[in-house]
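Worksheet: the structure to be examined is printed underneath.
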2 protein chains.
Amino acid sequence: MASIRERNRSIILKVASEEFAEKGFAATKIIDIANKAKLPKPNVYYYFKSKENLYRSVLESVVEPLLEAAEPFEHYDDPETALRQYIRAKITISQNHPDASKVFASEIMHGAPHLPQDIVDQLNNQAQECIARLEQWIERGLMEPVNPRHLLFTIWASTQTYADFDWQITSVTGKDKLDQQDYDDAAELITRLVLAGCLPRR
Amino acid sequence: MASIRERNRSIILKVASEEFAEKGFAATKIIDIANKAKLPKPNVYYYFKSKENLYRSVLESVVEPLLEAAEPFEHYDDPETALRQYIRAKITISQNHPDASKVFASEIMHGAPHLPQDIVDQLNNQAQECIARLEQWIERGLMEPVNPRHLLFTIWASTQTYADFDWQITSVTGKDKLDQQDYDDAAELITRLVLAGCLPRR
DNA sequence: TGATTACCTGATCTGCGGGTCAAAAATTGC
DNA sequence: GCAATTTTTGACCCGCAGATCAGGTAATCA
């Protein structure tokens with residue numbers, strides 16, 4: 001079996017991301033995380049030196065999938081394919097990592113006070129590359145001349161909303177939980193709007 | 001001059017919404033609100049019985065503009081005009097009430113634990129009316145058959161993002177603060193995508 | 001001008017939650 | 001099977017922030 005250390009760390013991380021997602025950093029109590037992980041409180045401090053530290057670890061666990069999602073922009077030299085796949089990837093993150101997504105969103109919303117600078121830089125660089133790519137496609141006439149920054153903001157917002165504001169979503173749809181079909185529908189609508197607004201009229 | 005009571009309450013409310021927006025409910029300290037309002041801490045408790053109470057008052061102050069924004073759906077029996085104006089109105093809220101918007105977003109993100117039920121009902125009813133209206137337009141062939149719920153989610157998300165995630169926006173654009181042009185550009189892009197994706201092809 | 005009410009304020013209480021510690025128990029490596 | 005290391009644990013400490021209070025001062029009105 002995996003080492004005790006590894007095992008416990010990952011249990012704590014999982015539980016912590018649920019708690020931080022639900023309550024936010026300040027409102028989350030270490031004792032609740034400990035209880036939910038079926039460990040005594042000092043164990044949490046044994047594996048993660050402080051609340052701050054644990055929180056940062058949770059934050060860091062989101063970054064990888066987030067960076068991966070932008071790969072379509074590098075892999076495809078074609079706006080339709082790239083945008084389709086990008087939107088799909090972002091929706092999938094909301095579906096598969098809702099807690100991480102929420103923690104990240106909450107962090108950004110309050111000015112990213114705990115987000116390490118190198119992560120900030122990585123994300124910013126990636127955004128700039130996406131923007132450059134979009135500008136290039138526009139210049140080559142593969143896309144209509146839309147503002148690439150605002151296009152990105154819209155895609156980010158409309159895909160993340162399915163994780164971050166799930167309460168609102170389920171409240172309006174009347175469902176307890178979204179199913180695969182809902183995520184597919186969401187991806188389809190967002191893709192439709194983006195492509196209709198961005199691709200050159202045939 | 002307005003009564004002392006009125007004046008102080010409104011100062012506290014303003015400062016409180018700034019603080020709650022910046023830090024979130026749990027991380028906000030009454031003493032900070034008091035200092036920023038240049039009042040001793042007990043005064044805050046004199047006008048608002050508790051932190052909870054003050055926070056709810058802030059929340060309630062957001063609801064009115066939010067409900068107003070949906071008026072275009074009642075006033076215009078034409079999807080293009082209604083959607084144009086709705087998107088414009090939502091962007092204007094992000095521009096003019098960023099703090100209120102953030103507080104509200106944060107509340108929703110964490111499952112609306114402090115939001116009074118009657119407000120929840122009001123907002124839900126309104127959403128259902130918008131959806132009904134969209135469905136009706138689709139039936140009458142004024143709009144393409146898009147999923148009205150997901151359309152709303154996308155509009156909400158992409159307009160609110162300019163208030164809720166302003167840190168990210170300014171970080172990517174490199175600006176300290178968005179100007180009128182930026183909000184206009186945002187409204188234009190979102191409108192473009194929505195209309196291109198929803199209106200029947202001519 | 002005196003009484004009543006509204007408002008202000010320094011000092012204080014209290015509980016809660018982050019963080020620690022020392023010692024026990026379990027695991028590991030030789 | 002024994003020493004070294006890792007992990008577990010209950011008890012404890014401490015500071016902070018929400019909340020209160022009692023006594024003061026200022027406004028209001030007769």
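Chain letters run A, B, ... following the sequence lines, proteins first, then strands; residues in each count from 1.
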Please encode protein proximity along nucleotides 6-15 of chain D as a string of B, S and -, counting only heavy-atom distances under 4.0 Å. SBBBB-----
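- Side-chain contact, B:Asp182 with B:Thr173: no donor N or O sits under 3.5 Å from an acceptor N or O.
- Looking at residues two or more places apart in sequence or on another chain, you find no ring-ring contact (aromatic ring centres under 6.0 Å, His included) involving A:Phe48.
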Report all side-chain donor-acceptor pairs from residues 31-40 of chain A shorter than 3.5 Å, counting only partners two or more places apart or in another chain.
| from | atom 1 | to | atom 2 | distance (Å) |
| --- | --- | --- | --- | --- |
| A:Asn35 | ND2 | A:Ile31 | O | 3.3 |
| A:Lys36 | NZ | A:Glu18 | OE1 | 3.1 |
| A:Lys36 | NZ | A:Glu19 | OE2 | 3.1 |

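- Rounded to an integer number of Å, the gap from CG of A:Leu54 to C1' of C:dG18 is 12 Å.
- Residue pairs meeting the salt bridge (Lys or Arg N to Asp or Glu O under 4.0 Å) criterion with at least one partner in residues 90-119 of chain B, sequence neighbours excluded, are B:Lys102-B:Asp166.
- For residues 83-111 of chain A, every residue pair satisfying the ring pair (Phe, Tyr, Trp, His ring centres under 6.0 Å) rule, not counting sequence neighbours, is listed here: A:Phe73-A:Tyr86.
- With sequence neighbours excluded, the residues forming a side chain to side chain donor-acceptor pair (under 3.5 Å) with A:Ser101 are A:Asp164, listed by chain and number.
- Residues passing the side chain to side chain contact (heavy atoms under 4.5 Å, CB included) test with A:Glu64 are A:Glu68, sequence neighbours excluded.
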Under 3.5 Å donor-acceptor pairs involving side-chain atoms of residues 145-153 of chain B, not counting sequence neighbours:
| from | atom 1 | to | atom 2 | distance (Å) |
| --- | --- | --- | --- | --- |
| B:Asn147 | OD1 | B:Arg149 | N | 3.0 |
| B:Asn147 | OD1 | B:His150 | N | 3.2 |
| B:His150 | ND1 | A:Tyr162 | OH | 2.6 |

Map every base of DNA chain C to its dot-bracket character, where paired means a Watson-Crick or G-U wobble contact with both distances under 3.5 Å and | marks a partner outside the strand. ||||||||||||||||||||||||||||||
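- Near DNA chain C, defined here as any heavy-atom distance below 4.0 Å, the residues from residues 20-33 of chain A are A:Thr28, A:Lys29, A:Ile30, listed numerically.
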Report all side-chain donor-acceptor pairs from residues 185-194 of chain B shorter than 3.5 Å, counting only partners two or more places apart or in another chain.
| from | atom 1 | to | atom 2 | distance (Å) |
| --- | --- | --- | --- | --- |
| B:Asp185 | OD1 | B:Gln181 | NE2 | 2.9 |
| B:Thr191 | OG1 | B:Ala187 | O | 2.5 |
| B:Arg192 | NE | A:Gly197 | O | 2.7 |
| B:Arg192 | NH2 | A:Glu144 | OE1 | 3.1 |
| B:Arg192 | NH2 | A:Gly197 | O | 3.3 |

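- Scored by the side chain to side chain contact (heavy atoms under 4.5 Å, CB included) test, A:Ser10 finds no partners at all (sequence neighbours excluded).
- Rounded to whole Å, the distance from CG on B:Asn35 to P on C:dG10 is 12 Å.
- A:Tyr45 has its OH atom 18 Å from the P atom of C:dA22, to the nearest Å.
- With rounding to whole Å, B:Arg7 atom CZ is found 17 Å from D:dA26 atom P.
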